[in-house]
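Owing to the predicted nature of the structure, the values given are computational and were not obtained by experimental measurement.
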Number of protein chains: 2
Amino acid sequence: MARKTKAEAQLTRQQIIDAARQTFVKRGVSRTTMEHIAETAGVTRGAVYWHFASKTDVFFAMRDQVALPLLDRISHTLLDEERGDPLSRIETYMQETMELLATDAVARQTYEIITSKCEYVYEFAGVRAQMMQCGHDMLAKLTAAYSRAKDKGLLRQGLEPAAMALDTFAFSFSLIHLWFADSEKKLIRTKCHDMIKAHISLRRL
Amino acid sequence: MARKTKAEAQLTRQQIIDAARQTFVKRGVSRTTMEHIAETAGVTRGAVYWHFASKTDVFFAMRDQVALPLLDRISHTLLDEERGDPLSRIETYMQETMELLATDAVARQTYEIITSKCEYVYEFAGVRAQMMQCGHDMLAKLTAAYSRAKDKGLLRQGLEPAAMALDTFAFSFSLIHLWFADSEKKLIRTKCHDMIKAHISLRRL
DNA sequence: TTATATACATACATTTCTGATTGTATATAA
DNA sequence: TTATATACAATCAGAAATGTATGTATATAA
């Protein structure tokens, strides 16, 4: 083997990330070794160590590829006034999120790793903190959306936007977790759509 | 060192479980070694291997000490008609669960390990399945409680017990997860009580 | 055209963890 | 009272993973 062009090297890098994602899903992050990743990617450990300093480094690269586009979608869907009334936008956001899990394999695998195939200790403790930061942002935008809904008279009487946002945030969080936990029984997966509709109509006037 | 009495051996066994729990919280299950557990328990690896075949074995022993009493509490609190009206019982159940996390260190650590310090692959994939089974039970009992509430005319018009149970189940699930994820910012922990109240009053007539 | 940096593969040294084996003092059963 | 099983400690061999060091062909810059 010899030296490759920059474009080819970038492709190798991406193959390593893809291989890592698959291996993380299958074996969990801890039990995945650099050798596993290399083997799945069809390269040697030398290549992996050339592109990434450590397994943790690969993990973060993988996460960023999914997490960064996600952040855009939150504000875009939740706050854009042209996308229907505020309550519908919240519902749409959640429906789209679950749709993403069903259709986008990369997003699905990455979410699955983050929710149940990695341990939040040491270097990974920070991942949790960052996710919580993202949660705060989403919470703020949910609160804004519920406030708009209240102004527009769409909310039932006596409902506090902040409290509703927290409840929806919690609901949305566990929809994703339960979606993965319930892979065999199909308890959640088939009912997702209706659960979201029920959740929103509970607060619509 | 020499042989100990049966009572002393049982104590050693419990010390090993306690040591494992602490170490799992600190280092995660994967990065915890038998040596770590032994050292924390003040024994050698010989003792750990005498009482348990593997680290996985220790994990399951630890989990059972918390999970088994938990199952009792679900049916007891949710279904016992003498404990107030159905909606209050659901609220009480959730409040008691969060109270447990705040006051019982053993329960708290075990929940923390299960939610964020272990990877659900291979032998541990079954743990997820069992938790889901437990979830199904809880869901059935929540549905029963909401049905009673509807019969008694406590529920708002047009609310389906099954749908409400799913929403509450999801809410309850993420309360626990977020409680741990939000350790620093205190976003969730301080608002837990109110979130539960808001969740229930959303469906009370 | 040539020197150099690049993109890996290969080989090696070291650490770490496990599981099995062996040793042993003593509780307990007979 | 004595034989045996128990409850560990201590030792050892082997596998596995990491990180580094080295080799090398070639893309690329000069």
Under 4.0 angstrom between A:K4 side-chain N/O and C:dC8 OP1 or OP2: yes
Quick check on C:dA7: is either OP1 or OP2 less than 4.0 Å from any side-chain nitrogen or oxygen of A:H51? no
Taking the side chain of A:T5 as heavy atoms from C-beta outward, which of C:dA7, D:dT28, D:dA10 is closest to it? D:dT28
May I ask you to verify whether the side chain of A:R3 and the base of D:dA27 hold a donor-acceptor pair under 3.5 Å? yes
If you compare every side-chain N and O of A:W50 against the phosphate oxygens of C:dA7 (OP1, OP2), does one of them come in below 4.0 Å? yes
Selected nucleotide, minimal atom distance to A:V43 side chain, candidates D:dG19, D:dC8, C:dA9: C:dA9
Is A:T33 touching bases, backbone alone, or none of the nucleic acid, heavy atoms closer than 4.0 Å? sugar-phosphate
Would one find a side-chain N or O of B:S54 under 4.0 angstrom from OP1 or OP2 of C:dG19? no
Check whether any side-chain heavy atom of A:I196 sits under 4.5 Å from a side-chain heavy atom of A:H199, and report yes or no. no
Per atom distances to the B:T44 side chain, the nearest of D:dA17, D:dA10, C:dA20 is D:dA10
Salt bridge or not for B:R89 and B:E81, using N-O below 4.0 Å? yes
Heavy-atom check, side chain of B:R203 versus side chain of B:T168, under 4.5 Å: yes
Residues B:T40 and B:R21: side-chain donor-acceptor under 3.5 angstrom: no
